[in-house]
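Taking it in order: structure first as structure tokens, then the write-up.
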Amino acid sequence: MEMPFCETRPENGAELVPTDNSAPHKVDLSSKIKEQKVVVDELSNLKKNRKVYRQQQNSNIFFLADRTEMLSESKNLLDELKKEYQEIENLEKTKIKK
């Protein structure tokens, strides 16, 4: 039996929104980064013949997906999350310097 794969994506393509209360967003982003690292590692270590499934958004339905495409998308998402996290860090550093 194949294990289904559930992709994690920021809801509605959420972008960085500078707010005074960025700490909860930073913690949430940190946990999403950790989760996405696990997804990338799992996809990277799969054997070539293993099947990967993508979950239909807002549903419990899974569809067969291409492993290399999913790996590429997962890496891109991880990079986006890291970039957003770094932007928050930079904003905090500039606030401290002022």
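Note: hydrogens, waters and symmetry copies are ignored here, and every other heavy atom, side chains too, is used.
- At least one side-chain heavy atom of Q55 sits under 4.5 Å from a side-chain heavy atom of N60.
- For the atom pair CZ (R67) and NZ (K47), the distance works out to 12.5 Å, reported to the nearest 0.5 Å.
- Closest of all the heavy-atom pairs between Y85 and I33 is CB-CD1, 3.7 Å.
- Residues satisfying the side chain to side chain contact (heavy atoms under 4.5 Å, CB included) test with V40, not counting sequence neighbours, are S44, L71, S74, K75, L78.
- Between E89 and the options K26, K83, K95, K82, a salt bridge (Lys or Arg N to Asp or Glu O under 4.0 Å) holds for only K26.
- No side-chain N or O of E80 forms a donor-acceptor pair with one of N76 less than 3.5 Å apart.
- When the side chain to side chain contact (heavy atoms under 4.5 Å, CB included) test is applied to S59, the partners found at least two apart in sequence or on another chain are Q56, I61.
- A pairwise comparison of heavy atoms in K51 and L64 identifies CB-CD1, 3.8 Å as the closest pair.
- The CD atom of E69 sits 6.0 Å away from atom CZ of R54, with the distance rounded to the nearest 0.5 Å.
- Remark: T68 engages D66 in a side chain to side chain contact (heavy atoms under 4.5 Å, CB included) (not counting sequence neighbours).
- Salt bridge absent: K32 and E84 never bring a charged side-chain N and a carboxylate O closer than 4.0 Å.
- Side-chain contact check for N90 versus Q86: some heavy-atom pair is nearer than 4.5 Å.
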